[in-house]
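Comments concern the structure below.
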Amino acid sequence: MNTWSKIRFGDLFFDGTKNGIYKEAEFHGSGTKVVNMGQVFEYLFISNQEMERYQLTEEELRKYSLIDGDLVFARRSLVDSGAGKAAIVIGVTEPMVFESSIIRVRLDPSKCVPLFYLYWLQSFAGRSAIRALVSGTSVKGIKGSDLPNMLVDYPSIEIQKVIASLLHQYDEKIKNNELINANLLQQSKAIFEQLVV
(Lines give C-alpha, C1' and ligand atoms only; values in the text may rest on other atoms or scores of the structure.)
Protein backbone atom coordinates (compact mmCIF):
# COMPACT_ATOMS: atom_id res chain seq x y z
CA MET A 1 0.00 0.00 0.00
CA ASN A 2 1.33 3.44 -0.99
CA THR A 3 0.94 6.08 1.68
CA TRP A 4 1.66 9.77 1.51
CA SER A 5 3.87 11.24 4.18
CA LYS A 6 4.72 14.85 4.98
CA ILE A 7 8.15 16.37 4.47
CA ARG A 8 9.78 19.79 4.82
CA PHE A 9 9.81 21.42 1.38
CA GLY A 10 13.44 22.38 1.97
CA ASP A 11 14.41 18.70 2.21
CA LEU A 12 13.57 18.43 -1.50
CA PHE A 13 15.66 21.44 -2.57
CA PHE A 14 18.73 21.09 -4.76
CA ASP A 15 20.00 24.32 -3.24
CA GLY A 16 18.47 27.17 -1.21
CA THR A 17 15.82 29.63 -2.32
CA LYS A 18 17.00 32.59 -4.37
CA ASN A 19 15.53 36.05 -4.97
CA GLY A 20 15.87 37.43 -8.49
CA ILE A 21 17.96 40.17 -10.03
CA TYR A 22 17.34 43.91 -10.01
CA LYS A 23 18.71 45.95 -12.92
CA GLU A 24 18.31 49.67 -13.46
CA ALA A 25 16.30 50.85 -16.47
CA GLU A 26 19.41 51.63 -18.53
CA PHE A 27 20.07 47.86 -18.75
CA HIS A 28 16.53 47.01 -19.96
CA GLY A 29 15.45 46.41 -23.54
CA SER A 30 17.92 43.92 -24.97
CA GLY A 31 19.90 40.85 -23.98
CA THR A 32 18.63 37.95 -21.87
CA LYS A 33 14.95 37.14 -21.28
CA VAL A 34 13.68 38.02 -17.80
CA VAL A 35 10.71 36.36 -16.12
CA ASN A 36 8.71 39.00 -14.26
CA MET A 37 5.58 39.03 -12.11
CA GLY A 38 3.37 39.34 -15.19
CA GLN A 39 4.46 35.94 -16.46
CA VAL A 40 4.11 34.28 -13.05
CA PHE A 41 0.56 35.62 -12.65
CA GLU A 42 -0.49 34.81 -16.23
CA TYR A 43 1.09 31.43 -16.90
CA LEU A 44 1.40 28.12 -15.09
CA PHE A 45 4.15 27.04 -17.49
CA ILE A 46 6.89 29.54 -18.32
CA SER A 47 8.82 28.74 -21.46
CA ASN A 48 9.12 30.80 -24.62
CA GLN A 49 6.63 33.62 -24.05
CA GLU A 50 7.58 37.16 -25.04
CA MET A 51 9.42 38.80 -22.14
CA GLU A 52 11.37 41.88 -21.20
CA ARG A 53 15.14 41.59 -21.69
CA TYR A 54 18.10 42.75 -19.58
CA GLN A 55 21.75 43.25 -20.43
CA LEU A 56 23.60 40.98 -17.99
CA THR A 57 27.14 40.10 -17.06
CA GLU A 58 28.25 36.47 -17.31
CA GLU A 59 28.22 36.28 -13.50
CA GLU A 60 24.65 37.62 -13.31
CA LEU A 61 23.54 35.15 -15.96
CA ARG A 62 25.12 32.27 -14.03
CA LYS A 63 23.72 33.39 -10.68
CA TYR A 64 20.12 34.06 -11.78
CA SER A 65 19.72 31.54 -14.60
CA LEU A 66 16.55 29.43 -14.85
CA ILE A 67 16.47 25.83 -16.00
CA ASP A 68 13.71 23.35 -16.78
CA GLY A 69 11.97 22.25 -13.59
CA ASP A 70 12.66 25.44 -11.60
CA LEU A 71 9.67 26.65 -9.60
CA VAL A 72 9.17 30.41 -9.39
CA PHE A 73 7.03 32.14 -6.77
CA ALA A 74 5.58 35.66 -6.67
CA ARG A 75 7.11 37.33 -3.61
CA ARG A 76 4.38 39.92 -3.21
CA SER A 77 0.94 40.94 -4.38
CA LEU A 78 -1.82 43.42 -3.65
CA VAL A 79 -4.20 40.49 -3.05
CA ASP A 80 -3.85 37.43 -0.81
CA SER A 81 -4.25 34.97 -3.66
CA GLY A 82 -1.35 36.48 -5.61
CA ALA A 83 1.31 36.21 -2.92
CA GLY A 84 3.16 32.93 -3.36
CA LYS A 85 1.59 32.21 -6.78
CA ALA A 86 3.75 29.51 -8.36
CA ALA A 87 4.72 28.60 -11.92
CA ILE A 88 7.22 26.18 -13.42
CA VAL A 89 9.93 26.72 -16.03
CA ILE A 90 9.55 24.14 -18.78
CA GLY A 91 10.77 23.79 -22.37
CA VAL A 92 13.29 26.65 -22.27
CA THR A 93 15.08 27.20 -25.59
CA GLU A 94 17.25 30.21 -24.69
CA PRO A 95 18.88 31.62 -21.53
CA MET A 96 16.44 33.12 -19.05
CA VAL A 97 16.71 34.78 -15.63
CA PHE A 98 14.16 36.09 -13.09
CA GLU A 99 13.60 39.52 -11.59
CA SER A 100 13.74 40.64 -7.99
CA SER A 101 10.04 40.20 -7.15
CA ILE A 102 10.35 36.46 -7.73
CA ILE A 103 11.74 33.60 -5.62
CA ARG A 104 13.32 30.62 -7.37
CA VAL A 105 13.20 27.11 -5.91
CA ARG A 106 15.25 24.40 -7.62
CA LEU A 107 14.13 20.94 -6.52
CA ASP A 108 16.35 17.87 -6.53
CA PRO A 109 15.04 15.55 -9.31
CA SER A 110 16.54 12.53 -7.55
CA LYS A 111 14.15 13.17 -4.63
CA CYS A 112 10.99 14.42 -6.33
CA VAL A 113 9.19 15.43 -9.51
CA PRO A 114 9.07 19.26 -9.80
CA LEU A 115 5.95 19.15 -11.99
CA PHE A 116 4.11 17.21 -9.27
CA TYR A 117 4.91 20.00 -6.80
CA LEU A 118 3.66 22.66 -9.19
CA TYR A 119 0.31 20.85 -9.26
CA TRP A 120 0.41 20.26 -5.50
CA LEU A 121 0.88 24.02 -5.00
CA GLN A 122 -2.30 24.63 -7.05
CA SER A 123 -4.30 22.23 -4.85
CA PHE A 124 -6.30 23.22 -1.78
CA ALA A 125 -3.57 21.77 0.48
CA GLY A 126 -0.83 23.63 -1.38
CA ARG A 127 -2.62 26.96 -1.46
CA SER A 128 -3.40 26.59 2.27
CA ALA A 129 0.28 25.92 3.01
CA ILE A 130 1.31 29.01 1.01
CA ARG A 131 -1.40 31.19 2.61
CA ALA A 132 0.04 30.30 6.02
CA LEU A 133 3.30 31.98 4.94
CA VAL A 134 1.71 35.21 3.70
CA SER A 135 2.24 38.35 5.75
CA GLY A 136 1.67 42.07 5.24
CA THR A 137 -1.27 44.45 5.22
CA SER A 138 -1.60 46.57 2.06
CA VAL A 139 0.93 44.45 0.13
CA LYS A 140 0.87 40.72 0.83
CA GLY A 141 4.07 38.72 0.55
CA ILE A 142 6.05 35.61 1.27
CA LYS A 143 9.71 35.20 2.20
CA GLY A 144 12.08 32.75 0.56
CA SER A 145 13.38 31.88 4.02
CA ASP A 146 9.91 30.55 4.99
CA LEU A 147 9.48 28.19 2.02
CA PRO A 148 11.94 25.48 3.19
CA ASN A 149 9.96 24.95 6.41
CA MET A 150 6.61 24.53 4.66
CA LEU A 151 5.26 20.98 5.06
CA VAL A 152 4.34 19.33 1.76
CA ASP A 153 2.82 15.99 0.84
CA TYR A 154 5.39 13.39 -0.18
CA PRO A 155 4.15 10.33 -2.06
CA SER A 156 6.65 8.01 -3.73
CA ILE A 157 8.41 9.34 -6.84
CA GLU A 158 6.51 6.76 -8.92
CA ILE A 159 3.18 8.17 -7.74
CA GLN A 160 4.45 11.72 -8.30
CA LYS A 161 5.35 10.84 -11.90
CA VAL A 162 1.94 9.30 -12.61
CA ILE A 163 0.00 12.24 -11.14
CA ALA A 164 2.18 14.88 -12.82
CA SER A 165 1.95 13.13 -16.20
CA LEU A 166 -1.83 12.72 -16.02
CA LEU A 167 -2.48 16.33 -15.00
CA HIS A 168 -0.04 17.66 -17.59
CA GLN A 169 -1.85 15.70 -20.32
CA TYR A 170 -5.09 17.39 -19.27
CA ASP A 171 -3.43 20.81 -19.36
CA GLU A 172 -2.10 20.12 -22.86
CA LYS A 173 -5.60 19.10 -24.04
CA ILE A 174 -7.07 22.25 -22.53
CA LYS A 175 -4.43 24.38 -24.27
CA ASN A 176 -5.05 22.66 -27.61
CA ASN A 177 -8.82 23.12 -27.24
CA GLU A 178 -8.33 26.82 -26.49
CA LEU A 179 -6.23 27.17 -29.67
CA ILE A 180 -8.90 25.36 -31.71
CA ASN A 181 -11.64 27.57 -30.24
CA ALA A 182 -9.65 30.73 -30.96
CA ASN A 183 -9.08 29.58 -34.53
CA LEU A 184 -12.77 28.77 -35.02
CA LEU A 185 -13.77 32.15 -33.62
CA GLN A 186 -11.38 33.88 -36.00
CA GLN A 187 -12.78 31.89 -38.95
CA SER A 188 -16.38 32.70 -37.98
CA LYS A 189 -15.55 36.43 -37.79
CA ALA A 190 -13.91 36.30 -41.22
CA ILE A 191 -16.94 34.51 -42.71
CA PHE A 192 -19.32 37.02 -41.11
CA GLU A 193 -17.33 39.95 -42.51
CA GLN A 194 -17.42 38.41 -46.00
CA LEU A 195 -21.20 37.91 -45.78
CA VAL A 196 -22.05 41.43 -44.66
CA VAL A 197 -19.72 43.30 -47.05
Side-chain angles (χ1 to χ4, degrees), residues 1-18 20 35-49 51 65-77 79-93 96 98 101-134 140-144 146-181:
M1 179 176 164
N2 290 310
T3 59
W4 292 33
S5 57
K6 291 280 190 184
I7 192 171
R8 284 180 66 254
F9 199 33
D11 291 342
L12 303 175
F13 290 6
F14 184 78
D15 56 15
T17 60
K18 182 163 231 22
V35 176
N36 64 30
M37 295 285 276
Q39 280 90 44
V40 175
F41 285 132
E42 187 171 352
Y43 303 108
L44 199 54
F45 306 103
I46 295 176
S47 56
N48 298 306
Q49 294 93 351
M51 296 178 194
S65 188
L66 290 168
I67 61 172
D68 279 4
D70 282 348
L71 294 173
V72 288
F73 294 83
R75 283 179 55 206
R76 52 186 170 259
S77 174
V79 294
D80 283 346
S81 60
K85 162 74 170 65
I88 194 168
V89 177
I90 196 165
V92 174
T93 58
M96 187 184 299
F98 58 109
S101 294
I102 293 171
I103 301 165
R104 183 195 73 198
V105 169
R106 184 166 291 162
L107 299 177
D108 185 342
S110 71
K111 296 178 180 176
C112 65
V113 177
L115 187 57
F116 168 82
Y117 282 98
L118 173 74
Y119 286 120
W120 184 83
L121 289 159
Q122 310 310 309
S123 72
F124 178 78
R127 288 304 305 156
S128 296
I130 287 288
R131 272 196 301 274
L133 305 180
V134 173
K140 311 294 184 180
I142 65 167
K143 298 176 191 166
D146 290 336
L147 282 170
N149 294 318
M150 181 173 69
L151 288 179
V152 299
D153 287 320
Y154 188 62
S156 69
I157 288 187
E158 292 73 24
I159 291 176
Q160 291 180 36
K161 286 177 182 174
V162 169
I163 292 171
S165 175
L166 182 65
L167 294 176
H168 193 60
Q169 287 174 35
Y170 278 113
D171 273 331
E172 287 298 305
K173 287 180 181 178
I174 290 167
K175 184 170 80 173
N176 289 337
N177 285 339
E178 287 172 348
L179 290 173
I180 290 167
N181 289 341

Minimum-distance pair of heavy atoms, taken over all atoms of [X] and [Y]:
| X | Y | value |
| --- | --- | --- |
| Arg127 | Gly84 | NH1-O, 3.7 Å |
| Val113 | Gln160 | N-OE1, 2.8 Å |
| Ile142 | Ala83 | CG2-C, 4.4 Å |
| Ser123 | Trp120 | OG-O, 2.5 Å |
| Phe9 | Leu147 | CB-O, 3.4 Å |
| Phe41 | Arg76 | CZ-O, 4.0 Å |

Between [X] and [Y], is there a donor-acceptor pair closer than 3.5 Å when you use the side chain of the first and the backbone of the second?
| X | Y | value |
| --- | --- | --- |
| Arg75 | Gly144 | no |
| Tyr43 | Ile88 | no |
| Asp70 | Arg106 | no |
| Gln49 | Ser47 | yes |
| Asn36 | Gln39 | yes |

Can you tell me how far the [atom1] atom of [X] sits from the [atom2] atom of [Y], to the nearest 0.5 Å?
| X | Y | atom1 | atom2 | answer |
| --- | --- | --- | --- | --- |
| Ser165 | Tyr119 | OG | OH | 9.0 Å |
| Lys140 | Leu133 | NZ | CG | 14.0 Å |
| Leu121 | Phe73 | CG | CZ | 4.5 Å |
| Ile130 | Gln122 | CD1 | CD | 9.5 Å |
| Asp68 | Thr93 | CG | OG1 | 9.5 Å |
| Tyr117 | Leu71 | OH | CG | 10.5 Å |

If we only count heavy atoms from C-beta on, is the [X] to [Y] side-chain gap below 4.5 Å?
| X | Y | result |
| --- | --- | --- |
| Val152 | Leu12 | yes |
| Ile67 | Val92 | no |
| Asp153 | Lys6 | yes |

Can you list the steps and then say if Arg104 with Asp15 is a side-chain contact (heavy atoms from CB on, under 4.5 Å)?
CA-CA 10 Å; Arg104 183 195 73 198; Asp15 56 15; 3.8 Å; yes
Verdict with supporting geometry, Leu118 and Phe45, side-chain contact (heavy atoms from CB on, under 4.5 Å):
CA-CA 9 Å; Leu118 173 74; Phe45 306 103; 3.8 Å; yes
May I have the step-by-step check of side-chain contact (heavy atoms from CB on, under 4.5 Å) for Val89 and Phe98, ending in yes or no? CA-CA 11 Å; Val89 177; Phe98 58 109; over 6 Å; no
### Message
Would you say NZ of Lys18 has more than 12 non-hydrogen atoms from neighbouring residues, nucleotides or ligands within 6.0 angstrom?
### Response
yes
- When you check the gap from the basic side-chain N to the acidic O, do Asp11 and Arg8 get nearer than 4.0 Å? yes
*Go through the steps to decide whether Phe13 and Leu107 satisfy the test side-chain contact (heavy atoms from CB on, under 4.5 Å), and finish with yes or no.*
CA-CA 4 Å; Phe13 290 6; Leu107 299 177; 3.7 Å; yes
